[in-house]
Amino acid sequence: MIRVLYFASLRERLDCDAESLDAAPSTVAALRRELATRGAPWAEVFASDQRVLAAVNQTMAGDDQVLTDGDEIGFFPPVTGG
Amino acid sequence: MIRVLYFASLRERLDCDAESLDAAPSTVAALRRELATRGAPWAEVFASDQRVLAAVNQTMAGDDQVLTDGDEIGFFPPVTGG
Amino acid sequence: MKVEIRVQANAFDPLAELVPVHAAGPQVGGVVSFVGLMRDLNQGDRVHSMTLEHYPGMTEKALAAIVDEAGQRWALDMVRVVHRVGEVLPQDPIVLVAVASAHRGEAFRACEFIIDYLKTRAPFWKREQTRDGSSRWVEARDSDDAAAAGWSNGAEATPSGSAEPTASGEQT
Amino acid sequence: MKVEIRVQANAFDPLAELVPVHAAGPQVGGVVSFVGLMRDLNQGDRVHSMTLEHYPGMTEKALAAIVDEAGQRWALDMVRVVHRVGEVLPQDPIVLVAVASAHRGEAFRACEFIIDYLKTRAPFWKREQTRDGSSRWVEARDSDDAAAAGWSNGAEATPSGSAEPTASGEQT
């Protein structure tokens, strides 16, 4: 099982702040592809031209990062703090 | 008449904080040469290899700055504030 | 290097936060601080308030990593970072970065490095409420990316990409 | 640009000085400040106290010219410079430079420019009293000249010459 969190504008567009998935896709990229198959609004949010950042276990992660059971994955737009 | 002020280590070495001179030398360089003719410690302080800064009327001035009657000239070592 | 990092919903007083940084010890020659304040104008609209969201846990971890990297690049005695979350009002302090060092150049470099990296790597997001009642997420700015990228080549000098005008009412 | 410049024999509280800079207005997005503190060590000797001499009249004029030049280079809302003269003790604040601007990059540039120029162009001189009872004038440092020279080519980026170690007990 993996835990997936959505923040800020993503959370609002997807109307979802967190969910658990039974099976962990192999990588962050695979997870993005899986989420994009859900149809609107997921397809738009996870379309390849969208800038959606990912973190794995609370550290910024690239698309090729391997996922393992128990991971926490966060998706969010570019940050605007400070 | 011109007014000449000495600051910090210069004031101490010359044992003089201010004086008035009746005739204004033509330039800052001419004033330096005139002061250097006074013998020790003046000659050493105003020797050409010493870094003595000058201000005319409270603005930093180069050696070629022309002096006129009534000017206030300050001589001092490199600054160390802040 | 003494470090304190806080992310909090309560308002903070940047001056009170500076007290321990100014008293960091007799070896400290200079303290450089940055305080980011909420501006009341964005893209021509009056901004009534702003809500800051963050990613609890990751935010603190990201800030600690940024401060740690600054401590590896420069000799620092104390670093303090405080960041508001939740609702903030115009002129409220949003962020404080304070750095104490023996030498001023290192304090300046480290302070600007931390705020530049915070703005591009720490998971905070701003949503602003304009005075006409509408609400929108603040867009990330290319100038912030440029400012952060300027540090990534290991250069000790600051990036020069952060001086262009911005239409954003968020503090800069 | 609102400017306040003070040279004073009395101690000052850098935090109190920052209050009006932080309240400079709703257009201000960032405040960058530098506080220079007296260190207690110079060239291996414990420094008991330091006496700051200045050139009354010229000092204020020089500081005004430096701040004016900063205001021409960058868009600033408020600048405050306070400098002690007379006797100061370890950990006493010697100088404060605070800059408020709409944009943080400009506030950082201006604040560092002002302190770099102050250290090479404003007529102040430090004499330090070591704990063994001797007394000496502090020597000007090449690194300060290098830092100031870095600004003279009109570059917007900061000079990188100010990070080398110093043996000086004066604040950096």
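Below, read A as the first sequence line, B as the second, and so on, with proteins coming before strands; counting in each chain starts at 1. As a basis for the values below, the full set of heavy atoms in this structure was taken, side chains included, without hydrogen atoms, waters or symmetry mates.
Within 6.0 Å of CG on D/Asp132 lie more than 12 heavy atoms contributed by other residues, nucleotides or ligands.
Contact detail for D/Tyr55 and B/Ala55: the closest heavy-atom pair is CE1-CB, 4.4 Å. Residue D/Lys126 comes nearest to B/Gly82 through the heavy atom pair NZ-O, 2.7 Å, listed as atom of the first residue, atom of the second, then distance. In terms of heavy-atom proximity, D/Leu118 sits nearest to B/Val79 at O-CG2, 4.4 Å. Shortest non-hydrogen contact noted between D/Lys61 and B/Gln58 is CD-O, 3.8 Å.
Between B/Phe76 and D/Glu53 the shortest side-chain heavy-atom distance does not fall below 4.5 Å. Within the 4.5 Å cutoff, the side chain of B/Glu12 has heavy atoms near those of the D/Arg127 side chain. Looking only at side-chain heavy atoms (C-beta outward), B/Ser9 and D/Trp125 stay at 4.5 Å or farther from each other.
Only the backbone of D/Ala122 comes within less than 4.5 Å of a heavy atom of chain B; no side-chain atom from C-beta onward does. At a 4.5 Å heavy-atom cutoff, B/Leu53 makes no contact with chain D through either its backbone or its side chain.
B/Phe7 CZ to D/Phe124 CZ: the interatomic distance, rounded to the nearest 0.5 Å, is 12.0 Å.
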